[in-house]
Amino acid sequence: MRNLLKVLTVSMMLVPVLFSQEKQAQDKPSQGKISQNKSEAAADVRFSADLLDKNVDPCNDFYAYACSKWVAHNPIPADRSSWGRFNELAQRGEYIVRDILEKAEVDRPGRTANEQKIGDNYASCMDEGAIEKAGTKPLEQDFHSIAAIQSKPELPKEIVRLHREGTDVLFGFDSGSDFKNASQMIGQVDQGGLGMPDRDYYFKDDEKSVELRKKYVAHVAKMFALLGDDEGKAAAEAKVVMEIETGLARGALDQTSRRDPQKIYHKLTNQELAALSPAFNWNAYFEGVGAPPFDSLNVVEPDFIKNMQEVINAHSLDDWKTYLRWHIVHDTAPTLPAAFVNENFDFFSKTLQGTKELRPRWKRCVGYTNGDLGELVGQVYVQQTFGAEGKERTLAMVGALEKALGEDIKSLSWMGADTKAQALVKLQAITNRIGYPDKWRDYSTLPIVRGDAFGNSQRANQHDAQRRLDKIGKPLDKRDWPYPPMTVNASYNPNQNNITFPAGILQPPFYDNQADDAMNFGGIGAVIGHELTHGFDDQGSQFDAEGNLRDWWTANDKKQFEERTGCIKDQYANFVAVDDLKLNGKLTLGENAADNGGLRIAYMAMLNTFAGKEPAPVDGLSAEQRFFLGWANVWCQSRTDALQRMLITVDPHSPSKYRVNGTISNMPEFREAYHCPAPAPMVNQNACRVW
């Protein structure tokens, strides 16, 4: 149910995948099966011209023209902090997975080992009575172990145990491909150990941030009180937690800096790592955590490790015991009684994101089972929803987009011949993972015990920890997927030079076999183009065809590239996200560049498909007009103001309104399609273009 280790990645997602800190509370179990709320499960996500707001001039605000009616008819549900077309599609997937799990949880003759695992895991999560009866007893072993620590040199041994169980304390350790030798997997030490979403939450001095920190401390105190500590002790413990986490945050990089691969790659020997923090026994940690022997690794942020030593020295052993106890209860709340989960929801969802109510328990348990056993569930999901023909259709469209991007690169006036040659080599080398893995993950050694939700979660974390750490020192296996096939998202990984399109997203409204080519190219086509373009954005452009961090640009072409990406950075930095807060143009640069480039090459691919034959209008709309509506249609969304404020700090994606209006305002093709006059708001007078 929890993320085991903090993963270092420069992969680019289509939408933000937020670490949910709801640790959600108990609610009443659903009394019915899949038939409940069928209107939710069967919601029609296909485009309809009836959704267009004819009272809005598309040249003034295209997002409002395409989405305002949808937004008005689809308010944010009480158990969400945002709601959009992605959520609609994901919700349909939840019902499919729920049906799979409810069938698998029935202990019947002939039930397979895989069905037993996913069914018993789900049933255990749904067994509220057993969770309430167990209370905090599952935490006793962890707390006894912490209490037994006699000195700070014993901390590494305890952190080993907690990391393997899925508790994020002090730092993160994982495996990943070497930035400068991408075919090889190495170990990675990264920043970690914070309770709030990002290091900036500990330092921003505006009124809302100061108040949020006070509420966080109060929340930590309430959690200690739920563990049985008296009010005074709990308040003192919360103060200690805040002091330690603030100290750790002081050495951490901000999100914008972490977008620069050069700033998160420092390959050091084990001895060099030890010299950064002599007080921490790294050899004992690496041996205990289950990593194979190695003599060098990527220390993502050396300054964080140096600062970590100072923080260790600055606090007493009792303070560190308090910090460890906090993170155990913080990270295990999904499997604890309702009082803990409700308290976590109140801060991390209601206060931090503006969510009003918990999601139904079955939806949370679907999510937890997907997290623990995603590729076991995914095998059944794929059989029911995707199949081989879906993969073939998507691969054909990927081919059309790759051809268009190649044509675009060849035609660029600002890029020289040498850099173009390198770019085309990289484009040809991109590999495509479509629908589902070619090799499914093996869970045969992971025991799932019916009725033991807490133990199942810990065993799943331990199993995944060992799987990931076993990769260290081995060749990169590109068949290993980053998430299960039910996921409604897509990604590009520059260190592997590949794109991933799971089956979850390859459905309406993104791809619809009942829609015309224009809508599909504006939807899934632009999404594919988005991911391909990530290979050439401000991050991806630093990696070569093999995925190695290497400068393959001429000096002049790099300068031209930076001028063009600077135009996009400045354009989006002037967009207001909420209240008077503007977007961080540098943080969102890669995603904005991918949106602009992806939409443009999708348009080119569509014209190539038409081969000079203009399709007949549909609903009175030309193919070109429907293309842009296909793009806008997938981004219709609402967010709470609280979530929007949070995402400004942590999310490299722009709000949906600007993903639509920002991109189309840079395209003369949009102006022509909708016959917009030159001064119209949707016509950027200083149009930005990279690809």
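Not a single side chain to side chain donor-acceptor pair (under 3.5 Å) links N270 to another residue, sequence neighbours left out.
Ring orientation note: the planes of W414 and W553 are close to parallel, at an angle under 30° on the 30°/60° scale. Note on ring orientation: taking the six-membered ring where Trp is involved, the planes of W635 and F86 are tilted (angle from 30° to 60°). Using cut-offs of 30° and 60° for the angle between ring planes, the Y436 and W440 rings count as parallel. Classification of the H163-F171 ring pair by plane angle, with boundaries at 30° and 60°, yields perpendicular.
Residues Y511 and F521 place their aromatic rings such that the two centres sit no closer than 6.0 Å. Note: F386 and Y381 fail the aromatic proximity criterion, with ring centroids not under 6.0 Å apart.
Counting heavy atoms from C-beta on, the side chains of E546 and Q496 never come closer than 4.5 Å. For the pair P482 and R433, the minimum side-chain heavy-atom distance is below 4.5 Å. At a threshold of 4.5 Å between non-hydrogen side-chain atoms, the residues N489 and I505 do not count as touching. At a threshold of 4.5 Å between non-hydrogen side-chain atoms, the residues T500 and W481 count as touching.
Remark: side-chain polar atoms of T112 are paired, donor with acceptor, to backbone N or O of E115 under 3.5 angstrom. Between the H327 side chain and the T167 main chain, no donor and acceptor come within less than 3.5 Å of each other.
Stacking of K426 on the aromatic ring of F536 is recorded, both the 6.0 Å distance cut-off and the 45° axial limit being met.
Tested against R259, the residues D254, D538, D651 include a single salt bridge (charged side-chain N to carboxylate O under 4.0 Å, His left out) partner, D538.
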